[in-house]
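Down below is the structure, laid out as structure tokens.
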Amino acid sequence: MKKVFVVILSVLLLYSAGSCKSNNKAESKIEKSVFGKLADGSQVDAYVLKNTNGMTAKIITYGAVVVSLTAPDKSGKYEDVVLGYDNIEGYAADRAYFGAIVGRYGNRIARGKMTIDGKEYQLAINNPPNSLHGGVVGFNKKIWTVDGANVTKNGPAITMTLVSNDGEENYPGTVKLKVVYTLTNNDELSIVYTGATDKTTVLNPTNHSYFNLSGDMNNTILDHEVMIAADKTTPVDRGLIPLGNFADVAGTPMDFRTAKKIGRDINADYEQLKIAGGYDHNWAMNTYDKKVRLIATVYEPNSGRFMKVLSDQPGVQFYTGNFLDGRVKGKNGVMYKKRSGLCLEAQHYPDSPNKPQFPTTLLKPGEIYHQTTIYKFSH
Ligand code: BGC
């Protein structure tokens, strides 16, 4: 009898512990602080978004940069999974675009030239011989305005806006871009962009976070297993500009249709990999009907962390940190070496303004640019 009583009591205790756990959600909140000051004295603020699971995203007004993002490992432990810097000086000097919203045109435009409505524009050549990520002072080097920071029913959200003036970096038209970051209670970082212009221009922003799901940035990403839902890539020339054709990934090291370790083929004797020093290419997604769908996944076997990338964009630039060289001091003093992070930048194909066969990146007055991209974490 006594034994039965003990068993019943233990079951009751276990049950109440379990239900306690499920109610034991953290409070969703947003905390604002001063991140630092730029050399010209302007202040950069930081917002830490925390969801009900305890996941956090730290976002600063400079470049709308995601400074840190925590994700759960197989034991439920949340650790930072993105590369970045400890302070504003790091971001002001940054040339790797860690965590930033890049624009006006993410990735490259050949020789910085484009023609819109019969007029030729010469953009800055900041990645010779091409223009990269919006030029010398791209969206990543601007202070964004915070239009709202609220805990919504989906999770904490911050709305950031930027006005890019007519003629800035030689692009035509005043562009207004709004980015809403939401850290949902399903452990997703959702990024929703809307934009408009007053003169025909191009707009192709993306988020440039470098992920390392191991949580220890001393590790490389070579063991990460990646899937990309695309049958084709857009092969590039030596300046990483698409040649204009589409190549089947089947039977090549570019085939990520079934998840495989990044390190499996990265050093293969394959011209496209040699040109880029690893993966730094655009994958053309199999479907493009402006609906959000799964475009890629990443799994890190030691931590058990899993990331899904969902987006409505036609392409994704998969970049394996080939240009990191151990000379940049990142968070916690870690020197970021080659392949210590990977980017999956949802966007339009590089050099679309000069490739009429690619989906257009033109934005006309009266039209609304829209993008939704979601990084969803689990284990
Ligand atoms: C590009 C790389 C470039 C990197 C900048 C990526 O989007 O594809 O070639 O080096 O951004 O850090």
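Whatever order the structure lists ligands and atoms in, that order sets their numbers, starting from 1. Just the heavy atoms: all of them, side chains too, but no hydrogens, waters or symmetry mates, feed the values below.
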Centroid separation under 6.0 Å, is that true for the rings of [Y] and [X]?
X: Y349; Y: F358; answer: yes
X: Y171; Y: Y105; answer: no
X: F211; Y: Y375; answer: yes

Indicate the ring-plane relationship of Y85 and F98, choosing parallel, tilted or perpendicular according to the 30° and 60° boundaries. tilted
For the residue pair W283 and Y279, categorise the inter-ring angle as parallel (less than 30°), tilted (30 to 60°) or perpendicular (more than 60°). tilted
Just checking K274: does its NZ atom have more than 12 heavy atoms from other residues, nucleotides or ligands closer to it than 6.0 angstrom? yes
At less than 3.5 Å, what protein N or O atoms come close to the N or O atoms of ligand 1? Include the distances to 0.1 Å.
unit_1   : atom_1 : unit_2 : atom_2 : d
ligand 1 : 7 (O)  : H133   : NE2    : 3.1
ligand 1 : 7 (O)  : H208   : NE2    : 3.1
ligand 1 : 7 (O)  : E345   : OE1    : 2.7
ligand 1 : 7 (O)  : E345   : OE2    : 2.9
ligand 1 : 8 (O)  : N107   : ND2    : 3.1
ligand 1 : 8 (O)  : D280   : OD1    : 2.5
ligand 1 : 8 (O)  : Q317   : NE2    : 3.2
ligand 1 : 9 (O)  : R108   : NH1    : 3.1
ligand 1 : 9 (O)  : R108   : NH2    : 2.8
ligand 1 : 9 (O)  : D280   : OD1    : 3.4
ligand 1 : 9 (O)  : D280   : OD2    : 2.4
ligand 1 : 11 (O) : H133   : NE2    : 3.0
ligand 1 : 11 (O) : H208   : NE2    : 2.7
ligand 1 : 12 (O) : A96    : O      : 3.0
ligand 1 : 12 (O) : Y210   : OH     : 2.9

